[in-house]
Every structure is written in C-alpha cells, then in structure tokens.
Amino acid sequence: MIYLDIRKTDLPRPKGIPKGMPYLQLITDANTLYFEVSKAYPLDGEKIIIGRGVSCDITVDDLYLSARHVKLWYADNEWYIVDLESTNGTYINGTKMDKEPLILDSGDKIRIGQLEFLVVI
C-alpha cells in the first residue's frame, strides 16, 4: 500500500538528488536529534555502507549505530540490504532483520539507531 501511495503522489525530490536516482528520505524529526543528519541520502553507488565509522559511505554520529552498521547494494536491477552484525540491529518495516539480505522496495522503512528512512526507488 505504501508503495502504491508513493507511486501515486509525486514526492518532492530533495535538493541535490537527480530525477530518477533512488534515495533514502529521513523520516525522523532531525530537530529531536543531538547529531547532524541530512534529510536525504542518494543511493548513487553500487554499494553503500552506513554507520558511525569515517570510512563509511554515509557517516552519522549516532551512538546507537555501529561503526559499520548496514550495507545496501544494487545488483540484478534490485536494491539489497544486509545488517553488518550491528549491536542494535536493523529494522525493515518494523521487523528486525535476520542475517539474510533482503530486497528493498520503494516505500520500505529502514530503522537504524535513532534514525528511520523511507526508501524511494
């Protein structure tokens, strides 16, 4: 249902993200956080690591994130996600992920640490 709602409505594209590029849209109210976070992150590579570590593709200074928390990658015309054995886990649409990778759909919600993102593909 969420997927259909997103497809029906044209979400305003965040500034700096080209049309047609998938991205993660921050759902969490950034004003409630003690750290800086962008409102959107483009999925502009074949592999994206999110975590606190400086070597991550997306680095967020959230104490509830592991240094390397989650990996997203693009293969076979699909976006995949896998938890990198993080301390606090990764949740997709409210359900904690197992060790197995999942295919992401537009409208899925990813929660890591104190952050929740909407997947826009």
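Start at 1 with the first residue, then count along the sequence.
Using a 4.5 Å heavy-atom threshold, the side chains of Arg52 and His69 count as separate. A 4.5 Å side-chain heavy-atom check between Met97 and Leu102 finds at least one atom pair inside the cut-off. Within the 4.5 Å cutoff, no side-chain heavy atoms of Leu72 are placed close to those of Tyr80. In this structure, the side chains of Pro14 and Lys39 stay at 4.5 Å or more apart for every pair of heavy atoms. Proximity of Leu24 to Val120: side-chain heavy atoms (C-beta onward) are nowhere separated by under 4.5 Å. Residues Asp57 and Ile50 are not in side-chain contact: their nearest non-hydrogen atoms beyond the backbone lie 4.5 Å or more apart. Taking 4.5 Å as the limit, some side-chain heavy atom of Thr28 sits within range of a side-chain heavy atom of Leu33. When side chains are defined from C-beta on, Leu118 does not count as touching Tyr23, because their heavy atoms never get closer than 4.5 Å.
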Residues Leu26, Val37; criterion side chain to side chain contact (heavy atoms under 4.5 Å, CB included); working and verdict: CA-CA 9 Å; Leu26 182 69; Val37 63; 3.7 Å; yes
Worked check of side chain to side chain contact (heavy atoms under 4.5 Å, CB included) between Lys109 and Ile27: CA-CA 9 Å; Lys109 292 181 182 179; Ile27 297 172; 3.9 Å; yes
Trace of the side chain to side chain contact (heavy atoms under 4.5 Å, CB included) decision for Trp79 with Leu43: CA-CA 9 Å; Trp79 277 98; Leu43 299 177; 3.6 Å; yes
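Residue pairs meeting the ring pair (Phe, Tyr, Trp, His ring centres under 6.0 Å) criterion with at least one member in residues 88-118, sequence neighbours excluded, are Tyr41-Phe117. Residue pairs satisfying the ring pair (Phe, Tyr, Trp, His ring centres under 6.0 Å) criterion with at least one member in residues 48-67, sequence neighbours excluded, are absent.
Residues Leu115 and Val54 do not share a hydrophobic cluster, clusters being chains of Ile/Leu/Val/Met/Phe/Trp/Tyr side chains in contact below 4.5 Å. Linking Ile, Leu, Val, Met, Phe, Trp and Tyr residues whenever their side-chain heavy atoms come within less than 4.5 Å leaves Ile49 and Val119 in two separate clusters. Residues Ile58 and Ile112 share a hydrophobic cluster, clusters being chains of Ile/Leu/Val/Met/Phe/Trp/Tyr side chains in contact below 4.5 Å.
In this structure a side-chain-to-backbone donor-acceptor pair under 3.5 Å is present from Asp83 to Glu85. Listed for the Asn93 side chain is no donor-acceptor partner under 3.5 Å among the backbone atoms of Asp108. Distance alone, capped at 3.5 Å, is enough to place a donor-acceptor pair between the Asp62 side chain and the Gln114 backbone.
To the nearest 0.5 Å, the span separating CD on Glu116 from CD on Gln25 amounts to 12.0 Å. To the nearest 0.5 Å, atom CD1 of residue Ile81 and atom OG1 of residue Thr90 are 6.0 Å apart.
Heavy-atom minimum distance, Ser86 versus Gly89: OG-N, 3.0 Å. Contact between Ser66 and Thr87 at its shortest, heavy atoms only, is OG-N, 3.0 Å. The minimum heavy-atom distance between Leu65 and Gly113, with the atom names listed, is CD2-N, 3.7 Å. Scanning both residues, Glu78 and Ile103, for their nearest heavy atoms gives OE1-CG2, 3.3 Å. The shortest heavy-atom contact between Pro22 and Ile121 is CB-CA, 4.0 Å.
Listed by chain and number, the residues in a side chain to side chain contact (heavy atoms under 4.5 Å, CB included) with Asn77 are Tyr74 (sequence neighbours excluded).
Side-chain contact, Asp29 with Thr32: no donor N or O sits under 3.5 Å from an acceptor N or O.
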